[in-house]
Protein chains: 2
Amino acid sequence: MGKPRKPQDCGSQQRALERLEALCRARGQRLTRQRRAVLRQLLAEGRALSAYELLARLRPEDGRSTPAGVYRALECLMQAGVVHRLESTRSFILCGHPEAPHGGQLLICRTCGQVVETEDERVEAATGRLGQRLGFSLDQRFVELTGVCERCRVPQTAH
Amino acid sequence: MGKPRKPQDCGSQQRALERLEALCRARGQRLTRQRRAVLRQLLAEGRALSAYELLARLRPEDGRSTPAGVYRALECLMQAGVVHRLESTRSFILCGHPEAPHGGQLLICRTCGQVVETEDERVEAATGRLGQRLGFSLDQRFVELTGVCERCRVPQTAH
DNA sequence: TCGCCAAATGATACATTGTATCAGTTGAAC
DNA sequence: GTTCAACTGATACAATGTATCATTTGGCGA
């Protein structure tokens, strides 16, 4: 697992955090200290973290953090659509386009851990049609594709 | 969670078991006592079971079963392509069409627990193309769609 | 501003799911 | 039959996720 570089400097992180907070509020979720802290860590990390990795990062700044607390915060943030859970790796990541409609696809690089989030029309259409064909009224679609990203596959040739 | 009826009588279960065993062997896996026992339980149950549910069913007939043993058996059976893991529910189920090529889609009914397995061309094509478009060489595709199946949605109207 | 009430938190304990390790056993192939 | 890799049994533990309940917090109306 290589390390993806942190995606943003502090200034834009601050702005991103504010944007996410606004979204949560707009979707009827209180944005409490704990939830903000979880958001901040996910934003700072820029990659998927397990609940316990999150907990380890929260403890230093708030010794009272607990597993239950972290899971509750994550639950709420997922409700608000600003965090996704990666079922296949049991981890959590910030949504890449929290304003858009939801239930997208996640592409996960085995090598660097990068997660790319999409809302591919063809995949949406195909899975929707599949559900219909088999008589299911779908309420959630997990589409997680794992592989190796371009950067990891041809790391030297670029420069 | 309603109970799906057991899918087959004992005679055809026996035949199904033999067919699965043949497949495992053809794919280079020894079919040992423990693995056969796991297959038998999954076949008898006809629905997805967690590793520990499996363990509970194996213990009465073999008191020495352990979690590690169950996971090892499942690992092997997944390798052979006759068992799938449902990531979204952390459970395991017999493959519905073990002879076919693999990496299909799973539709899961929230109400009765039924799992329908498909190999939908459109979904395959769409996810493949998506990977290509984003520069990923995919090695695994988890597509799990949850919802309510037809039978559970309109249970009374049929008869 | 005050007090109310629902929501959120803190604390603890526990349940579920999954692995590491290593000694002993088994079974296919020679 | 011997041998060696694969499999198993046993034990311990790591990782992930929840239940419960007393307490605190924060938004809101009086």
Side-chain angles (χ1 to χ4, degrees), chain A residues 1 21-22 24-42 48-80 82-93 113 142 144, chain B residues 1 21-22 24-42 48-80 82-93 113 142 144:
Chain A
M1 286 297 237
E21 291 187 12
C24 288
R25 264 188 264 273
R27 290 170 186 164
Q29 302 287 358
R30 281 187 204 169
L31 217 286
T32 62
R33 178 180 49 80
Q34 232 178 180
R35 295 169 187 177
R36 198 191 325 276
V38 167
L39 269 189
R40 196 157 10 85
Q41 289 299 335
L42 283 174
L49 289 175
S50 77
Y52 280 79
E53 284 173 333
L54 265 171
L55 182 60
R57 281 161 178 72
L58 294 174
R59 277 259 158 89
E61 62 183 45
D62 179 356
R64 292 173 309 178
S65 298
T66 62
V70 171
Y71 280 103
R72 284 188 290 222
L74 287 168
E75 176 65 29
C76 159
L77 296 169
M78 288 192 292
Q79 205 78 46
V82 300
V83 165
H84 295 300
R85 174 203 297 256
L86 283 76
E87 295 292 337
S88 61
T89 59
R90 270 146 250 190
S91 60
F92 302 84
I93 192 166
F142 301 108
E144 300 185 11
Chain B
M1 284 297 234
E21 291 187 14
C24 287
R25 264 188 264 274
R27 288 169 187 166
Q29 302 286 357
R30 284 187 203 167
L31 216 285
T32 62
R33 176 179 50 80
Q34 232 177 180
R35 294 170 188 177
R36 198 190 327 274
V38 168
L39 269 190
R40 196 157 10 87
Q41 289 299 338
L42 284 175
L49 289 174
S50 79
Y52 280 77
E53 286 174 332
L54 264 172
L55 182 61
R57 282 161 178 71
L58 293 174
R59 277 260 159 89
E61 61 183 46
D62 179 356
R64 292 173 309 180
S65 298
T66 61
V70 171
Y71 279 103
R72 284 188 292 222
L74 287 168
E75 175 65 29
C76 160
L77 295 170
M78 287 193 290
Q79 204 79 46
V82 300
V83 165
H84 295 302
R85 175 203 297 255
L86 283 75
E87 296 293 335
S88 60
T89 59
R90 270 144 249 188
S91 60
F92 302 86
I93 194 167
F142 301 106
E144 301 184 11

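A, B, ... follow the sequence lines: proteins, then strands. Residue 1 opens every chain.
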Open item on the list: Five pairs per end, C1' atoms only: what is the angle between the end axes of the helix from dT1(C)-dA30(D) to dC30(C)-dG1(D), to 10 degrees?
Closed with: 30°
Open item on the list: Using only atom types and a distance under 3.5 Å, with no angle test, would you say the side chain of Glu144(A) pairs donor to acceptor with the backbone of Glu87(A)?
Closed with: yes
Task: Atom-to-atom span, CD of Gln34(A) to P of dT24(D) - whole angstrom - done: 16 Å
Open item on the list: Taking Ser65(A)'s backbone N and O only, do any of them form a donor-acceptor pair with Arg59(A)'s side chain (distance below 3.5 Å, no angle check)?
Closed with: yes
TODO: Give the minimum heavy-atom separation between Gly69(A) and Gln34(A), together with the two atoms involved.
DONE: CA-OE1, 3.8 Å
TODO: Would you classify Ser50(A) as touching base, sugar-phosphate or nothing, given that sugar-phosphate means primed atoms plus P, OP1 and OP2, and contacts are heavy atoms under 4.0 Å?
DONE: sugar-phosphate
Open item on the list: From CG of Asp62(B) over to P of dC7(D), roughly how many Å is that when rounded to an integer?
Closed with: 17 Å
Task: Distance, rounded to the nearest Å, where Leu77(B) contributes CG and dC7(D) contributes P - done: 11 Å
Open item on the list: Need two values: the first and the last nucleotide of DNA chain C, 5' to 3', having an atom under 4.0 Å from any heavy-atom of chain A.
Closed with: dA7(C) to dG18(C)
- [ ] Return the minimal non-hydrogen interatomic distance between Ser50(B) and Phe92(B), and the atom names on each side.
- [x] C-CD1, 4.4 Å
Task: Closest heavy-atom pair and its distance - Cys76(B), Arg30(B) - done: SG-O, 4.4 Å
Task: Ionic contact status for Arg57(A) with Glu53(A), cut-off 4.0 Å - done: no
Open item on the list: Between C1' on dT25(D) and CZ on Arg33(A), what's the gap in Å once rounded to a whole number?
Closed with: 10 Å
TODO: Could you pick out which residue, Arg30(B) or Arg35(A), lies toward the 5' side of DNA chain C when each is mapped onto its nearest nucleotide?
DONE: Arg35(A)
Open item on the list: Has Arg36(A) got a side-chain atom pairing as donor or acceptor with Leu31(A)'s backbone, closer than 3.5 angstrom?
Closed with: yes
- [ ] Let me know, please, whether Tyr52(A) or Cys76(B) comes out on the 5' side of the other along DNA chain D by nearest nucleotide.
- [x] Cys76(B)
Task: Arg35(A) versus Leu77(A), closest heavy-atom pair with distance - done: O-CD1, 3.9 Å
TODO: Using the side chain to side chain contact (heavy atoms under 4.5 Å, CB included) rule, pick out the option among Val70(B), Ile93(B), Leu74(B), Leu42(B) that qualifies with Leu49(B).
DONE: Leu42(B)
TODO: Look at Thr32(B) and dT8(D) and indicate whether a side-chain polar atom (N or O) is within less than 4.0 Å of OP1 or OP2.
DONE: yes
Task: Spacing of Arg72(B) atom CZ relative to dA6(D) atom C1', expressed in whole Å - done: 11 Å
